[in-house]
Amino acid sequence: MEDAYLVLSKLTKTYPNQPRPAVRDVDIDVARGEFISLLGPSGCGKTTTLRMIAGLIVPTSGGIRVGRVDMTNRPVHKRDMGMVFQSYALFPHMSVGENVDFGLQMRRIPKSERRRRVAEALDMVHLTHLANRRVSQLSGGQAQRIALARALVIEPTVLLLDEPLSNLDAKLREELRVEIRRIQQETGITTVFVTHDQDEALAMSDRLVVMSEGRVEQVGEPWAVYETPRNRFVADFIGRTNLFDGLAVGRDDGLLRVAVEGLGTLSVRTPETGRTSVTVMVRPHRVQLEPVEQLANELKGRVVQSSYLGDVESVVVEVDGVRITAERTHSGRPLALGAEVRLGWGDTDAYVIPQ
Amino acid sequence: MDGVTRMRTSSRSSGGRTSRAARAALLAPGLVAIGVSFLVPLAWLARMSLNRTVGSAELQSAVSPQSYVDVLTDEFVWKIAWQTLQLGVLVTVLAIAVSYPIALFLARTRSRLRGLLMALAIAPLLTSSVVRTFGWLTLLSDDGVVNSVLSGLGVTSEPLTLTNNRTGVVIALVEIMMPYAIIAMIAGFGRVSKDLEDAAGSLGAGRLRCFLRITFPLSLPGVLTGALMVFVLTISAFVTPRLMGGGRVFVIATEIFDQATTTLDWPRASALSILLLFLFGVFLVLYQRLFRLVEGR
């Protein structure tokens with residue numbers, strides 16, 4: 001990337017006595033002002049990567065650069081990065097105001113300026129009235145906002161967020177999601193966000209980095225990662241999905257014909273892949289139950305499972321031994337178990353995974 | 001001890017499930033033990049302190065403040081009380097200072113050897129302080145290991161006087177108190193956390209400032225608890241001052257022993273004991289005040 005601001009190159013971390021590196025050859029370029037999420041299951045190396053950026057973990061090899069400055073061997077306190085911890089990590093022996101002030105004190109900034117900047121930071125998170133509170137008197141959401149204010153008041157080069165929302169309840173999480181994104185866009189700060197929650201990552205990020213077993217599996221805009229996963233892991237990890245392994249048996253007019261055991265031959269609109277053994281992905285919300293129009297792929301099956309979730313109904317239909325998950329919106333009364341249903345999807349609703 | 005009780009009660013089970021009677025029954029053995037082994041003797045001690053001694057060690061039953069008056073107007077008692085306090089403060093400061101790094105390390109390490117190191121740190125408690133004091137006597141005496149090495153290396157021409165004086169008492173007491181200091185401090189280091197230190201680092205604090213502004217203030221509850229423990233044990237210590245002091249170091253505890261066994265003035269010994277107890281009370285209150293201050297409540 002030409003205008004890359006935060007650059008990780010071949011970043012690797014190997015722990016002694018562990019056969020597999022925790023992070024392996026991670027290359028990520030983050031543009032100035034970009035919000036990027038590291039997403040993956042626990043143990044995928046996303047937090048290790050973030051902590052290497054912060055300077056809390058020394059990489060085994062590889063480099064970290066911010067702008068033109070090489071950060072790889074710089075100690076944490078000289079990196080000028082703001083970090084928000086999962087545990088908030090507010091200093092319990094200081095008031096809210098003193099917490100926010102701490103980073104400014106470390107920079108030996110004159111008192112009058114410190115007072116102004118602390119006030120501005122608290123105002124940004126709408127918690128000016130809590131300046132004199134003790135940290136122990138804050139709610140989880142308030143503590144998280146203060147942690148954010150404390151990280152941003154030092155005007156860091158990069159903002160690092162380590163699962164900042166995972167200790168909050170669902171409603172608050174959504175609220176803070178919007179707020180963090182608002183503040184990030186207002187300040188224009190380059191942000192790296194670590195999460196295992198794909199909804200969070202999809203909703204907040206400019207780009208996603210999907211990681212697994214210490215490696216980067218895919219980097220891209222949320223919609224692109226969701227719609228066109230690069231491999232089976234990403235397809236499976238991001239969103240719910242149906243994956244069918246089959247053989248490419250023919251091709252005409254941009255349509256690939258794939259023979260799948262139990263389902264017959266499926267039609268998928270896809271560019272040439274050149275491979276015979278392929279995996280077809282169909283997202284559950286693309287599967288139509290009792291379709292009214294003619295579809296490229298139509299099947300018949302029996303309902304074996306149904307979960308009513310309010311806004312959608314998630315239905316599992318078994319077609320000749322193959323289970324297909326579909327989502328019904330505006331569902332009304334849920335489908336009865338054992339009911340015979342028709343289902344189908346168009347040739348553009350499916351996607352052939354490249355690897 | 002406010003801090004300690006609070007830590008204990010936080011792990012209690014929800015109260016609703018055990019009935020009042022069951023709770024009383026569960027508490028009974030402990031209460032009886034405390035009553036028989038502590039409260040009854042204490043009451044007996046208080047009663048004894050009001051008796052009188054006439055002639056040469058003849059005990060006379062009475063209700064008289066005479067022994068308190070005698071004790072409080074005796075310049076020698078004030079002198080040894082002052083010496084006891086000095087010894088207490090000195091040993092406390094030194095024992096905490098040398099134990100602090102060990103306790104902090106043990107509280108934070110994630111090494112697999114943590115359990116072993118912990119056991120090693122408190123293993124000295126397995127031997128009695130009498131044995132350990134004799135150990136120090138052989139190490140520090142005029143022809144002991146320390147002096148042999150020093151004179152053998154030509155560092156000293158005359159042996160250093162390290163026993164039968166206050167120096168020896170302090171050295172031995174500091175070592176004897178270390179396991180207590182370490183245990184008490186580790187228990188009080190609950191608020192010290194890696195995340196907070198990492199956060200301070202990311203905000204621009206180097207190692208020293210991180211320690212001074214974050215780690216040390218957060219470790220104060222542990223330091224205070226350890227200090228109280230060491231101080232109380234030191235000012236009531238008898239064996240070590242007696243043996244290492246060689247009869248030349250006087251503290252309240254040795255004075256009580258002398259009064260009870262040599263002079264046979266039991267009322268005076270009892271009055272001294274009650275005064276020592278009063279001193280404990282004063283320091284407990286002081287500790288609680290300080291604890292609240294450092295916990296920021």
Side-chain angles (χ1 to χ4, degrees), chain A residues 15-17 47 50-51 53-57 74-95 98-109 133-137 143 146-163 167, chain B residues 2-3 6-7 9-10 100 104 107-114 116 185 187-227 287-297:
Chain A
Y15 287 105
N17 308 323
T47 296
L50 190 81
R51 293 178 83 86
I53 301 173
L56 298 170
I57 294 178
R74 191 179 279 220
V76 53
H77 64 281
K78 290 184 179 157
R79 288 204 183 187
D80 256 331
M81 295 181 182
M83 179 145 177
V84 175
F85 293 77
Q86 185 174 2
S87 64
Y88 318 137
L90 295 178
F91 307 130
H93 58 306
M94 298 182 194
S95 71
E98 287 165 348
N99 262 278
V100 179
D101 195 25
F102 186 84
L104 300 175
Q105 282 181 32
M106 293 300 115
R107 282 163 178 72
R108 305 190 197 284
I109 286 164
R133 283 282 174 87
R134 301 216 64 88
V135 166
S136 56
Q137 294 168 316
I146 297 300
L148 189 63
R150 185 180 68 173
L152 285 172
V153 75
I154 60 173
E155 291 175 1
T157 55
V158 176
L159 178 64
L160 306 172
L161 306 169
D162 185 10
E163 306 239 9
N167 287 340
Chain B
D2 198 19
R6 230 169 20 78
M7 272 181 275
T9 48
S10 64
Y100 185 86
L104 195 60
R108 299 203 306 189
T109 184
R110 289 198 202 130
S111 162
R112 271 175 301 165
L113 298 176
R114 184 175 187 270
L116 181 70
M185 280 197 277
F189 283 174
R191 297 206 306 173
V192 176
S193 102
K194 186 83 175 59
D195 262 8
L196 295 180
E197 290 165 359
D198 286 349
S202 77
L203 291 168
R207 280 179 177 235
L208 181 65
R209 284 204 283 180
C210 177
F211 177 77
L212 293 177
R213 293 287 310 271
I214 307 298
T215 312
F216 184 67
L218 291 173
S219 71
L220 278 176
V223 170
L224 267 185
T225 306
Y287 162 81
Q288 281 188 333
R289 289 273 159 81
L290 281 173
F291 198 92
R292 243 169 250 157
L293 200 71
V294 300
E295 278 254 287
R297 280 178 300 150

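Residue numbers start from 1 in every chain, and the chains themselves are labelled A, B, ... in the order their sequence lines are given, proteins ahead of strands.
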| remark: Cut-off 4.5 Å, heavy atoms of chain B, and the answer for A:R150 is both
| message | Taking side chain to side chain donor-acceptor pair (under 3.5 Å) as the definition, give me every residue that meets it alongside A:Q105, ordered by chain and number, with sequence neighbours left out. | response | A:D101, B:R213
Sequence neighbours excluded and cut-off under 3.5 Å, please list the side-chain donor-acceptor pairs for residues 80-91 of chain A, or say none.
from: A:D80; atom 1: OD1; to: A:R107; atom 2: NE; distance (Å): 3.4
from: A:D80; atom 1: OD1; to: A:R107; atom 2: NH2; distance (Å): 2.7
from: A:Q86; atom 1: NE2; to: A:S166; atom 2: OG; distance (Å): 2.8
from: A:S87; atom 1: OG; to: B:D195; atom 2: OD2; distance (Å): 2.4

| request: Evaluate the side-chain proximity of A:L148 to A:L152: yes if any heavy-atom separation is below 4.5 Å, no if none is. | output: yes
| note | Among A:K78, A:R79, A:R108, the residue with the most heavy-atom pairs under 4.5 Å to chain B is A:R108
| request: Tell me the residues of residues 197-206 of chain B whose non-hydrogen atoms fall below 4.5 Å from those of chain A, in number order. | output: B:D198, B:A199, B:A200, B:G201, B:S202, B:L203, B:G204, B:A205, B:G206
| message | Return the CZ to OG distance between A:R133 and A:S95, rounded to the nearest 0.5 Å. | response | 11.5 Å
| said: I need the single residue from A:D162, A:L161, A:L56 that forms a side chain to side chain contact (heavy atoms under 4.5 Å, CB included) with A:L50. Which is it? | reply: A:D162
| For A:P92, which residues count as a side chain to side chain contact (heavy atoms under 4.5 Å, CB included) partner, sequence neighbours excluded? | B:R191, B:L196, B:L218
| message | In terms of relative ring orientation, are B:F211 and B:Y100 parallel, tilted or perpendicular, with 30° and 60° separating the classes? | response | perpendicular
